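Please read all numbers here as calculations on a predicted model, not as lab measurements. Chain letters run A, B, ... following the sequence lines, proteins first, then strands; residues in each count from 1.
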Amino acid sequence: MEFIRRLYYFRRIKLAGGRGGNAMENNPEKTTGSTDFIREIVARDRAVGKNGGRVATRFPPEPNGYLHIGHAKSICLNFGIAAENPGGVCHLRFDDTNPAKEEEEYVRSILEDVRWLGFDPAEHVYYASDYFERLYGYAEELIRAGKAYVCDLSREEIRAHRGTLTEPGQESPWRNRPAGESLDLFRRMRAGEFADGARVLRAKIDMASPNLNLRDPTIYRIRRQTHHRTGERWCIYPMYDFAHCLSDAIERITHSICTLEFENNRPLYDWFLEQLAVSPRPRQIEFARLNLSHTVLSKRKLLELVEKGTVAGWDDPRMPTLAGMRRRGYTPEAIRGFCETIGVAKRDSVVDLALLEHCLRDDLNRRVRRVMAVLNPLKVTIENYPEGKVEYLEAVNNPEDPAAGIRTIPFTRDLYIERDDFRMEPPKKFFRLGPGREVRLKHAYFIKCERAVTDPATGEVTELRCTYDPATRSGGAADGRKVKGTLHWVSAEHSAPAEVRLYDTLFSDPAPGTGGRTLEESLNPASLEVISGGRIEPSLAEARPGDHFQFLRIGYFTADPESRPGRPVFNRTVPLRDTWAKIERKQ
RNA sequence: UGCCCGGUGGUGUAAUGGUAACACAUCGGCCUUUGGAGCCGAGUUUCGAGGUUCGAGUCCUCGCCGGGCAGCCA
């Protein structure tokens, strides 16, 4: 059997003229590196000269909330495809067809966030509301062609006529009214002659369609509401299905990429374009939206968190919004790297938050300066170090990046170390300080703990009396003896106080709001811990909002926008991987 | 239960009829002036049943499971 398999196998290779080497020749569109089914469609279309080889995508947010990491996936996809194809372009289009939910502030933030992420729409910023007049014209055209009609049914009646998932709908009694009458009524709708909700314009398709979207969908409604751009000019507004495909066509979009829940809308998308004979015709392609563990990514739920005051605002560092992540200390590079890593497919999935954090650390590790900060200080006195003496020791800024250079840090008799780095009775595998133990102070000397001073009332350790070995400066011992631990520290006199905000996931539940729990019940009660007694090394006093650092042995931090000279505030972006915590957990 | 779309390790994504791979996570080891980073290694995978084929994750049929759709939201 095996030899037969081999025979055919090798014959195929022979016919193909070789194995691996021909993959590229046979498949010119197959590129190396990361690709996905959408990029393959785009490449194929280009290869056959569709759209004249042009590639135009669009990112079309409704300005009714802040952009979040899920939007980043779409932005990276759409702008990415445009950038990868010669002459490609990606439009940023505000899908502002529902004035009830949209605001100027959201337009502002979206523009800011797209640019921050690293994509520049340049002059290609558009608004669906700019097309209102043209869309209105298309609607009249549809009416004249007998493909749309004004319907006087109430909202409830329309719903009742729609039928169900298993039963066909019934036609509206207004469905066959003369086109001239519909046209007159539609013009009067525009003119403001009717009350909100009194009439709608509907596409005349098929009330028995198994696809409910095709059962004479509403395409215009009367809504007296100030629009953030058109003001009071209009009192009728087009619906998504009508406006979106035509906006794409107007902008000569070639590939209209959206999320899976619009799959059933595609036939409608195509229907309007076909009826109105617009050309060239954009193609809608759907992909799975991003879901992240320990996170919610629906605008409705995020709005709720903001409005209920669960978080401090859209840019709360615990929010998955781009504004929140930026404030948390995420970099555009990390987010883009993440979007590339997760790929694009049609399968519903939930990405592990750990992957996002990996991408974050991966970026920060390469680029960020190491500094020393003590979050929970414990005083250390070096008994054999002269009072008043100061030595400036050299410290490497980033071992991953020699170009980052070095700085000096002051060493003195009185220091602070992390309280967690001392144990009166060190457990097994605890490599840090304890009575009689010796450790290295990073960039400085070996110190030995001679005794711990405790508060007789509480038993709390208040100070460590230590000695140092002058022969271990720069970290090595002349006699070759080793120490197992290396601690971070700051000079008591030279360090500055700082507020440090330790952020964790907003939800402790991997799938918030599911499994019988409400969103509230899924919250992480420890998502924010504010530390006011932190001490930072002198160089950190100059930190400017948005600067990124690694606090040695602790994690990555960024200076908050609220940070002021003399009153620095740092946000923990993500902790360092902590092997000791893992060991301790198992013990 | 009508229509549409999906189902590949714990998670995500590849494999385009020809040896199921990469990343994260997990576990172990090495290294280390960060218990960081890095390096090496391990385990676990094609929803099920038939069919086509020399050969099926891939094509066909029937199931099963998951998601979407009954806004004058997008």
Using a 4.0 Å heavy-atom cut-off, write out nucleotides 67-74 of chain B from 5' to 3' as B (base contacted by protein), S (sugar-phosphate only) or - (no contact). SBBBSBBB

Please list, pair by pair, any protein nitrogen or oxygen found under 3.5 Å from a nitrogen or oxygen in nucleotides 26-29 of chain B.
none

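- Side-chain rings of A:F549 and A:F557 stay apart, their centers remaining 6.0 Å or farther from each other.
- Nucleic acid contact class of A:H443 (heavy atoms, under 4.0 Å, all strands): base.
- Nearer to the 5' terminus of RNA chain B, by closest-nucleotide assignment, is the contact made by A:A354 (compared with the other of A:K429 and A:A354).
- Legend: residues meeting side chain to side chain contact (heavy atoms under 4.5 Å, CB included) with A:R473, ordered by chain and number and at least two apart, are A:E391, A:L393, A:Y445.
- Counting any heavy atom pair closer than 4.0 Å across all strands shown, A:L552 reaches a base atom.
- Scored by the side chain to side chain contact (heavy atoms under 4.5 Å, CB included) test, A:C258 finds A:F262, A:Q284, A:E286 as partners (sequence neighbours excluded).
- Within the 4.5 Å cutoff, the side chain of A:P217 has no heavy atoms near those of the A:M239 side chain.
- Contacts of A:F37 with the nucleic acid, taken as non-hydrogen atoms under 4.0 Å apart, are absent.
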How does RNA chain B look in dot-bracket notation if pairs are Watson-Crick or G-U with both distances under 3.5 Å, crossing ones as [ ], other-strand ones as |? .((((((..((((....[..)))).(((((.......)))))....(((((..]....))))))))))).....

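- Residues meeting the salt bridge (Lys or Arg N to Asp or Glu O under 4.0 Å) test with A:R283, sequence neighbours left out: none.
- A heavy atom lying under 4.0 Å from RNA chain B marks the following residues of residues 476-486 of chain A, by number: A:G476, A:T486.
- Sequence neighbours left out, not one pair with a member in residues 154-165 of chain A passes salt bridge (charged side-chain N to carboxylate O under 4.0 Å, His left out).
- Listed pair A:T35 / B:A14 fails the phosphate criterion, with no side-chain N or O lying under 4.0 Å from OP1 or OP2.
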Atom pairs and distances, side-chain donor-acceptor, residues 475-487 of chain A, under 3.5 Å, sequence neighbours left out:
{"residue": "A:D479", "atom": "OD1", "partner": "A:R481", "partner atom": "N", "Å": "2.9"}
{"residue": "A:D479", "atom": "OD1", "partner": "A:R481", "partner atom": "NH1", "Å": "3.4"}
{"residue": "A:D479", "atom": "OD2", "partner": "A:R481", "partner atom": "NH1", "Å": "3.1"}
{"residue": "A:R481", "atom": "NE", "partner": "A:E438", "partner atom": "OE1", "Å": "2.9"}
{"residue": "A:R481", "atom": "NH1", "partner": "A:D469", "partner atom": "OD2", "Å": "3.2"}
{"residue": "A:R481", "atom": "NH2", "partner": "A:E438", "partner atom": "OE2", "Å": "2.8"}
{"residue": "A:R481", "atom": "NH2", "partner": "A:D469", "partner atom": "OD2", "Å": "2.8"}
{"residue": "A:T486", "atom": "OG1", "partner": "A:R440", "partner atom": "NE", "Å": "3.2"}
{"residue": "A:T486", "atom": "OG1", "partner": "A:R440", "partner atom": "NH2", "Å": "3.3"}

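- For the ring pair (Phe, Tyr, Trp, His ring centres under 6.0 Å) condition, no pair includes a residue of residues 340-368 of chain A, sequence neighbours left out.
- Among the atoms of the strands shown, only primed sugar atoms or phosphate atoms (P, OP1, OP2) are found under 4.0 Å from some heavy atom of A:V344.
- In terms of the side chain to side chain donor-acceptor pair (under 3.5 Å) criterion, residue partners of A:T331 (sequence neighbours excluded) are, by chain and number, A:D363.
- With a 6.0 Å cutoff to the six-membered ring centre and a 45° limit on the axis angle, A:R223 does not count as a cation-pi contact of A:Y237.
- Taking every heavy atom of residues 293-301 of chain A and every atom of RNA chain B, no pair lies under 4.0 Å.
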